[in-house]
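The block underneath contains the structure these notes are about, expressed in structure tokens.
Values reported hereafter were calculated over all heavy atoms of this structure, with side chains retained and with hydrogens, waters and symmetry mates removed. Each ligand, and each atom within it, is numbered from 1 in the order the structure gives. All values derive from a computational prediction rather than experimental measurement.
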Amino acid sequence: MIDVIILAAGQGSRMRSTKPKVLHEIGGKPMVNHVVDAALCLPDVSLHLVVGHGSEAVQASLTTPCHIVEQKEQLGTAHAVLQALPNLSPNAKVLILYADVPLIDAETLQRMVNAVDSHCMAVLTTELDDATGYGRIVRSDMGAVTDIVEHKDATQEQRDIAEINTGIMCVPQAYLSRWLPRIENNNAQHEYYLPDIIAMAVAEGVGIKTPQPKCFYEVEGVNNRQQLAFLERKYQQQISDRLMLEGVTLADPARIDIRGSLSVGQDVFIDINAVFSGNVVIGDGVSIGPNCVISDATIGAASEIYANTVIESATLGQQCKVGPFARLRPGAALANHVKVGNYVEVKNASLANGSKVNHLSYIGDAKIGNDTNVGAGTITCNYDGAYKHKTVLGDNVFIGSNSTLVAPLDIADGSFIGAGSTITEAVPKENLAIGRGRQKNIAGWKKPEKN
Ligand code: UD1
Ligand code: CA
């Protein structure tokens with residue numbers, strides 16, 4: 001069994017934010033939740049979150065239940081881990097993670113855990129060109145780890161060491177419970193340093209393994225917004241790499257943002273500056289034009305979304321064509337072969353197979369049948385100031401341009417609405433409805449003249 005302790009008590013003052021640091025987002029998800037999700041990939045885990053600054057907000061953001069431990073004063077990393085100690089199982093391997101080191105990979109964590117048995121512990125280390133600020137890994141001539149010294153406590157010779165403590169450790173509970181209470185704070189920062197357990201392990205002859213992360217940014221922490229932006233790009237790069245390996249063509253892998261989950265079929269094309277959020281599912285052969293913003297949507301195979309289209313909580317069937325400059329709002333449901341063109345807004349409305357709304361229209365709270373054609377500038381007047389009402393159009397209906405459809409309204413199959421009509425009453429099957437002032441031509445008209 002694995003007890004994972006995630007340290008999330010720090011204030012993060014360098015973020016200059018009213019929000020606790022660990023709630024700042026990478027890929028639309030709070031950093032703390034990235035760490036929780038990585039830990040959840042391990043088998044048989046129990047999660048312990050050490051909170052302090054902004055603890056209520058941090059707890060509220062959790063999507064997975066964790067044992068919450070309050071660290072009232074931040075007296076150091078050893079002190080933080082000590083707070084969780086009473087809740088750990090006696091036989092557990094204890095994995096210590098940081099909520100502000102968001103891109104740690106589950107596979108690296110698994111290697112950490114695998115490296116540990118009842119006779120040894122593990123510290124995740126890496127080498128940095130500039131190790132300033134980090135704890136240094138001190139080794140004997142034989143290469144065995146003998147100590148970790150914090151930058152502020154290190155000698156010049158120790159500061160030249162490139163190998164650093166990432167902070168991530170895995171330690172059998174039996175050792176941790178013996179060592180933690182013995183740690184003192186007589187050091188440069190007057191803090192209780194977790195890395196002080198290394199010297200204790202050495203003194204007791206407990207083995208110290210030093211696995212390495214696969215990528216350096218797995219162990220990069222976030223202290224300010226520059227570092228947040230840096231890791232955001234790394235995270236986006238990971239996703240775009242995965243998408244391309246899954247068969248997606250990206251016009252520019254550096255100009256796509258995914259803030260949630262995007263699952264794709266084969267031969268999908270995504271142009272520049274597309275932003276995806278929530279859960280988006282895209283079928284085979286779909287193409288997404290430049291500058292589209294798509295959230296919580298399903299897009300069926302071979303559909304084409306043209307430039308500058310915004311889609312939110314909508315479903316599209318196969319071979320639809322949407323945009324450019326279209327807006328599908330929550331509840332828009334397009335069946336197959338549906339066209340929604342430029343400057344058309346669709347909200348809470350279904351369009352059955354082959355229907356078209358090609359230009360400059362508002363379709364809200366409506367149900368549109370098969371092969372119906374809604375002309376340019378058509379408005380469903382769905383709101384009476386108090387209530388929303390529904391517009392129902394049957395199959396093969398033709399709505400002339402610039403029509404005003406005052407809901408509640410039923411326009412039956414095969415009927416035809418003359419352009420410029422204001423329609424307030426039901427139209428029976430296969431009728432022509434015209435609701436507008438008749439045109440009058442006045443012969444010999446002279447335009448007024450100034451005296
Ligand atoms: C720590 C390590 C250092 C390592 C570095 C890697 C110690 C003493 N030093 O240094 O060897 O190279 O991480 O980034 O551990 N925290 C709490 N409660 C506390 C103190 C810290 O929750 O009382 C949390 C902080 O919010 C932060 C993390 O623990 O997320 C690390 O603490 P920090 O003080 O930043 O340690 P470093 O000085 O970076
Ligand atoms: Ca730090």
Side-chain angles (χ1 to χ4, degrees), residues 4-15 17 19-24 30-32 34-36 48-55 57-59 66 68-85 95-104 121-128 130-138 145 147-154 158-159 161-169 171 176 179-180 183-200 208 210 212-213 216-224 227-228 231:
V4 176
I5 302 176
I6 301 173
L7 304 192
Q11 182 172 19
S13 48
R14 279 173 284 168
M15 296 298 282
S17 174
K19 191 155 74 169
K21 173 164 77 171
V22 300
L23 295 187
H24 284 265
M31 291 196 277
V32 62
H34 280 273
V35 179
V36 166
H48 308 266
L49 189 69
V50 180
V51 294
H53 286 281
S55 66
V58 173
Q59 288 178 60
C66 294
I68 300 296
V69 192
E70 198 95 31
Q71 186 194 23
K72 295 208 170 60
E73 270 184 294
Q74 278 74 59
L75 301 179
T77 45
H79 179 259
V81 175
L82 188 64
Q83 309 310 302
L85 195 60
L95 180 62
I96 297 150
L97 305 178
Y98 301 82
D100 59 355
V101 182
L103 298 189
I104 186 68
M121 59 166 289
V123 186
L124 190 68
T125 76
T126 191
E127 293 197 358
L128 297 180
D130 179 7
T132 308
Y134 288 92
R136 306 299 205 285
I137 307 292
V138 182
V145 175
D147 204 359
I148 294 179
V149 278
E150 290 306 301
H151 183 91
K152 286 185 179 150
D153 300 288
Q158 289 167 332
R159 287 183 181 180
I161 298 171
E163 188 183 11
I164 61 105
N165 169 31
T166 65
I168 293 173
M169 297 188 188
V171 191
L176 206 55
W179 296 335
L180 278 182
I183 291 177
E184 293 172 1
N185 66 349
N186 48 0
N187 51 50
Q189 303 182 83
H190 302 294
E191 282 183 10
Y192 297 89
Y193 290 168
L194 179 65
D196 283 0
I197 65 172
I198 297 298
M200 295 178 183
I208 301 166
T210 53
Q212 313 270 310
F216 72 95
Y217 53 77
E218 280 185 60
V219 296
E220 292 267 302
V222 171
N223 294 309
N224 60 40
Q227 292 166 333
L228 184 72
L231 289 189

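- Of all the atoms in ligand 1, the ones that sit under 4.0 Å from a non-hydrogen atom of G135 are 3 (C), 4 (C), 11 (O), 12 (O).
- At a heavy-atom distance under 4.0 Å, no atom of I164 approaches ligand 1.
- Counting heavy atoms under 4.0 Å from ligand 1, residue P195 touches it through the side chain alone.
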Quiz item: Yes or no on side-chain contact (heavy atoms from CB on, under 4.5 Å) for H48 and V4, after CA distance, side-chain angles and deciding distance?
Solution: CA-CA 6 Å; H48 308 266; V4 176; 5.8 Å; no

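- In the vicinity of D100, heavy-atom distances shorter than 4.0 Å reach the ligand 1 atoms 27 (C), 30 (O).
- Looking at ligand 1, you'll find an N or O of A9 within less than 3.5 Å of one of its N or O atoms.
- Atoms of ligand 1 found under 4.0 Å from any heavy atom of L7 (numbered from 1 in listed order, with element): 22 (O), 24 (C), 29 (O).
- Note that CD of Q59 and CD1 of I68 are 4.0 Å apart. Values are rounded to the nearest 0.5 Å.
- Residue contacts with ligand 1, taken as heavy atom pairs separated by less than 4.0 Å, do not involve K21 at all.
- The distance from ligand 1 to the heavy atoms of G10 drops below 4.0 Å at these ligand atoms: 22 (O), 26 (O).
- Judged purely by atom type and a 3.5 angstrom limit, N186 has no side-chain atom pairing as donor or acceptor with the backbone of H190.
- Not counting sequence neighbours, the partners of H53 by the side-chain contact (heavy atoms from CB on, under 4.5 Å) test are Q11, Q74.
- Remark: side-chain polar atoms of Y98 are paired, donor with acceptor, to backbone N or O of G167 under 3.5 angstrom.
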Practice problem: Might you work through the side-chain contact (heavy atoms from CB on, under 4.5 Å) test for V222 and M15, ending with a clear yes or no? | Solution: CA-CA 9 Å; V222 171; M15 296 298 282; 4.0 Å; yes

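- Expressed to the nearest 0.5 Å, how far OG1 of T125 lies from CE of M169 amounts to 10.5 Å.
- Under the 3.5 Å distance criterion, the side-chain polar atoms of N187 are matched with a main-chain donor or acceptor of Q189.
- Contact annotation: for H79 versus ligand 1, there are no heavy atoms closer than 4.0 Å.
- Below 3.5 Å of separation, one finds no N or O of E191 facing any N or O of ligand 1.
- Proximity of Y134 to ligand 1, defined as any heavy-atom pair under 4.0 Å, is shared by backbone and side chain alike.
- Remark: ligand 1 atoms within the under-4.0 Å shell around heavy atoms of E150 are 2 (C), 3 (C), 7 (C), 8 (C), 9 (N), 10 (O), 11 (O).
- Less than 4.0 angstrom separates some heavy atom of Y98 from each of these atoms of ligand 1: 28 (C), 29 (O), 31 (C).
- Shown here are the side-chain contact (heavy atoms from CB on, under 4.5 Å) partners of A80, two or more places apart in sequence or in another chain: L7, V50, Q71.
- The distance from ligand 1 to the heavy atoms of L75 drops below 4.0 Å at these ligand atoms: 23 (O).
- Within the set V123, T126, T77, the minimum heavy-atom distance to atom 21 (C) of ligand 1 is found for T77.
- In this structure, the separation between CG on L176 and CD1 on I197 is 6.0 Å, given to the nearest 0.5 Å.
- Every atom of ligand 1 is numbered from 1 in the order shown, and the set under 4.0 Å from a heavy atom of N165 is 2 (C), 3 (C), 4 (C), 5 (C), 6 (C), 11 (O), 12 (O).
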